[in-house]
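Below is one structure, written out as structure tokens; comments come after it.
Note that the structure is predicted; figures quoted are calculated from it, not measured.
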Amino acid sequence: MTDLKEGVCLSAFWYSHEQCCWTSNETTFDDRDKCPQWQKWSELLVNQSEGASAYILNYFLYILWALCFAFLAVSLVRVFAPYACGSGIPEIKTILSGFIIRGYLGKWTLLIKTVTLVLVVSSGLSLGKEGPLVHVACCCGNFFSSLFSKYSKNEGKRREVLSAAAAAGVSVAFGAPIGGVLFSLEEVSYYFPLKTLWRSFFAALVAAFTLRSINPFGNSRLVLFYVEYHTPWYMAELFPFILLGVFGGLWGTLFIRCNIAWCRRRKTTRLGKYPVLEVIVITAITAIIAYPNPYTRRSTSELISELFNDCGALESSQLCDYINDPNMTRPVDDIPDRPAGPGVYTAMWQLALALVFKIVITIFTFGMKIPSGLFIPSMAVGAMAGRMVGIGVEQLAYHHHDWIIFRNWCRPGADCVTPGLYAMVGAAACLGGVTRMTVSLVVIMFELTGGLEYIVPLMAAAVTSKWVADAFGKEGIYEAHIHLNGYPFLDVKDEFTHRTLATDVMRPRRGEAPLSVLTQDSMTVEDVETLIKETDYNGFPVVVSKDSERLIGFAQRRELILAIKNARQRQDGVVSNSIVYFTEDPPELPPNSPHPLKLRRILNLSPFTVTDHTPMETVVDIFRKLGLRQCLVTRSGRLLGIITKKDVLRHMAQMANQDPESIMFN
């Protein structure tokens with residue numbers, strides 16, 4: 001569908017440009033892109049392939065197809081599954097931390113996100129498919145969990161399945177099973193025990209095996225940008241690698257700040273009321289500016305693939321237009337450094353323009369109401385910068401091989417510098433700057449490219465970009481979006497060192513209305529229904545009586561509503577003034593009183609409790625490790641109050657001298 005914007009394959013319209021020309025016998029080595037089966041729109045409609053009118057027609061149809069794809073995608077998201085927009089990773093992180101977003105991992109979201117992801121990537125917008133594929137994989141995990149009662153009834157076990165699903169998602173997106181497991185561990189999961197580790201590994205393995213058996217690219221590779229470099233790297237090259245790391249960190253900081261400012265503007269102004277119009281405008285701008293430049297016209301994955309490539313003897317790309325030495329007799333794969341030809345200089349300024357365009361347009365694209373990932377655009381920015389630095393270093397080494405830094409390792413006629421390697425390091429640096437990943441990033445990159453001996457340059461760039469980006473702000477893009485959207489998420493990486501106690505944070509405070517509670521055997525059905533109507537709490541503590549306030553357990557609001565509704569429908573004699581009891585045996589009632597309602601089975605008899613003198617440091621740790629939503633505060637068995645996750649977050653904001661009311665929860 002990406003190639004459909006430029007032309008169509010006459011022999012089989014579902015073939016891409018490359019696949020269409022595979023079967024042709026009439027392609028030549030120089031014009032490998034041209035074959036009679038593939039026709040541009042101008043050739044098909046007005047029978048012209050060159051000239052101004054053909055260019056304008058192709059240009060117009062390119063924009064038209066892009067707008068069609070984007071409009072269809074945003075309409076589907078808006079009508080059928082509003083949760084299918086964005087990358088999905090911030091929400092997955094929040095869900096794995098113990099918060100429930102109903103419908104976020106539902107069947108409709110799965111279906112619509114899968115379809116719209118194809119459309120938005122084909123429309124040529126500056127976004128990737130990797131983040132949304134993690135969301136899609138988690139939707140699958142959630143769907144399969146609901147089929148087995150062991151997982152559907154146990155929230156903790158379901159979260160373990162979602163951790164494994166996230167690993168499988170990255171495994172498929174990048175063809176990197178080990179990187180997927182590490183990504184789930186480092187970036188997505190909240191609690192990652194050892195058994196989840198090997199289960200995630202198994203899930204990622206099966207995902208990668210399935211992908212390999214389908215063979216989507218037709219070249220027996222799991223990924224689009226598999227490369228093989230033949231030259232080692234040298235110590236002197238660490239300096240430009242670290243410079244690329246600094247660039248990655250600065251780009252990450254710039255992107256996060258600008259993108260969050262734009263998303264906040266979208267949330268707080270009238271702009272947010274017109275999501276379809278916004279997508280249409282951004283798509284039109286992207287298509288209009290992207291078409292004239294060959295590096296932005298093609299799909300971003302193909303662009304990264306070309307930037308990663310080493311210039312062999314068989315390359316026809318502009319980036320490989322070097323001036324050859326006619327007397328050269330060398331094996332094909334080890335071509336010495338050569339002076340740059342006109343094609344390389346043209347490619348350099350086109351890449352520079354493409355780099356500026358990508359940096360600006362990605363800021364506005366990420367966060368629109370369509371599925372949008374961030375991995376591919378970040379890698380493209382880094383790969384473009386890296387390739388330009390690589391060509392610069394290569395030409396410097398060729399023209400000044402007698403300089404002291406080049407003298408030891410770069411003799412004339414040797415193949416010293418690989419520009420493609422710089423592109424790979426730059427891609428890792430930019431991705432690290434935006435997401436703040438380190439270990440998983442390096443593993444994903446070398447699984448992605450097969451460049452095992454380049455682990456040290458990748459590590460140097462990833463760590464540098466993280467340090468530089470952390471100097472300007474500790475939050476990665478996903479944490480920033482979690483805060484922007486007001487999700488109750490306790491970051492495992494934050495430290496809480498203040499000496500406050502549970503009694504300082506619990507509700508109700510002095511002067512507030514007392515806690516809404518249920519008693520074990522003295523309330524009627526009507527009393528319970530009134531309490532549910534008048535409050536919007538998710539659950540209620542159950543005590544022996546209003547006087548003693550000795551804690552018995554905790555009842556969830558949803559289960560109370562369902563139990564009362566079912567009892568009224570099925571059980572004879574349950575009316576508004578029936579007594580509700582949570583004890584083993586029914587209370588003694590007068591002879592003519594209505595049938596009582598027993599609700600002990602929905603009662604959680606072991607709710608999590610702390611005493612009022614528990615340090616908040618311990619409470620915060622308990623909330624993090626167990627993914628709790630609320631915790632009851634007692635003294636000698638008597639109920640004093642409740643602490644919710646939102647109370648903890650407000651307290652942490654207060655301790656960090658922020659306004660606790662500035663944290664808005666959606």
Under the 3.5 angstrom rule, does the side chain of [X] hit a backbone N or O of [Y] as a donor-acceptor pair?
X: Asp310; Y: Gly420; answer: no
X: Lys267; Y: Asn485; answer: no
X: Glu130; Y: Phe375; answer: no
X: Arg387; Y: Leu351; answer: no
X: Ser465; Y: Cys430; answer: no
X: Ser171; Y: Leu205; answer: no
X: Asn259; Y: Phe366; answer: yes
X: Ser184; Y: Val181; answer: no
X: His135; Y: Tyr104; answer: yes

So, do [X] and [Y] sit near enough that their side-chain heavy atoms are less than 4.5 Å apart?
X: Leu271; Y: Trp262; result: yes
X: Pro457; Y: Glu237; result: no
X: Val172; Y: Val170; result: no
X: Leu127; Y: Ile376; result: no
X: Leu45; Y: Leu57; result: yes
X: Pro294; Y: Gln350; result: yes
X: Glu6; Y: Arg298; result: no
X: Thr362; Y: Leu374; result: yes

Taking the six-membered ring for Trp, is the centroid-to-centroid distance between Phe60 and Tyr291 below 6.0 Å? no
Determine the minimum heavy-atom distance between [X] and [Y], stating which atoms define it.
X: Ala380; Y: Leu303; value: CB-CD2, 4.5 Å
X: Cys138; Y: Leu105; value: CB-CD2, 4.0 Å
X: Thr210; Y: Ser213; value: O-OG, 2.7 Å
X: Ala385; Y: Phe247; value: CB-CE2, 3.5 Å
X: Ala354; Y: Met384; value: CB-SD, 3.6 Å
X: Val425; Y: Leu458; value: CA-CD2, 4.1 Å

Would you check, one step at a time, whether the test salt bridge (Lys or Arg N to Asp or Glu O under 4.0 Å) holds for Lys93 with Glu187? CA-CA 8 Å; Lys93 285 183 77 151; Glu187 199 52 38; 3.7 Å; yes
Step by step, work out the side chain to side chain contact (heavy atoms under 4.5 Å, CB included) result for Phe255 and Ile359. CA-CA 8 Å; Phe255 176 79; Ile359 285 176; over 6 Å; no
Any chance CD of Glu50 has more than 12 other-residue heavy atoms, nucleotides or ligands included, within less than 6.0 Å? no
With a 6.0 Å cut-off (strictly less than), is the heavy-atom count around OH of Tyr15, excluding the residue itself, greater than 12? no
Worked check of ring pair (Phe, Tyr, Trp, His ring centres under 6.0 Å) between Phe174 and Phe183: CA-CA 11 Å; Phe174 284 121; Phe183 176 80; 8.3 Å; no
With respect to Tyr454, which candidate in Phe446, Trp233, Phe241 satisfies the side-chain contact (heavy atoms from CB on, under 4.5 Å) definition? Trp233
Just how far is it from atom [atom1] of [X] to atom [atom2] of [Y], taken to the nearest 0.5 Å?
X: Asn58; Y: Arg297; atom1: CG; atom2: CZ; result: 8.5 Å
X: Glu302; Y: His17; atom1: CD; atom2: NE2; result: 10.0 Å
X: Lys5; Y: Ser123; atom1: NZ; atom2: OG; result: 6.5 Å
X: Cys20; Y: Asp3; atom1: SG; atom2: CG; result: 9.5 Å
X: Leu72; Y: Thr116; atom1: CG; atom2: OG1; result: 9.0 Å
X: Cys9; Y: Gln37; atom1: SG; atom2: CD; result: 6.5 Å

Mind running side chain to side chain contact (heavy atoms under 4.5 Å, CB included) on Thr283 and Ile280 for me, showing each step along the way? CA-CA 5 Å; Thr283 309; Ile280 293 295; 5.7 Å; no
Tell me, please, which residues at least two apart from Thr296 pass side-chain hydrogen bond (donor to acceptor under 3.5 Å, both in side chains). none
Which residues satisfy the ring-ring contact (aromatic ring centres under 6.0 Å, His included) test with Trp65, sequence neighbours excluded? Trp41, Phe69
Donor-acceptor pairs under 3.5 angstrom involving side-chain atoms of residues 73-87: please list them, not counting sequence neighbours.
{"unit_1": "Ser75", "atom_1": "OG", "unit_2": "Phe71", "atom_2": "O", "d": "2.6"}
{"unit_1": "Ser87", "atom_1": "OG", "unit_2": "Ile89", "atom_2": "N", "d": "3.2"}

For the cysteines Cys21 and Cys35, is the SG separation below 2.5 Å? yes
For the residue pair Tyr59 and Tyr55, categorise the inter-ring angle as parallel (less than 30°), tilted (30 to 60°) or perpendicular (more than 60°). perpendicular
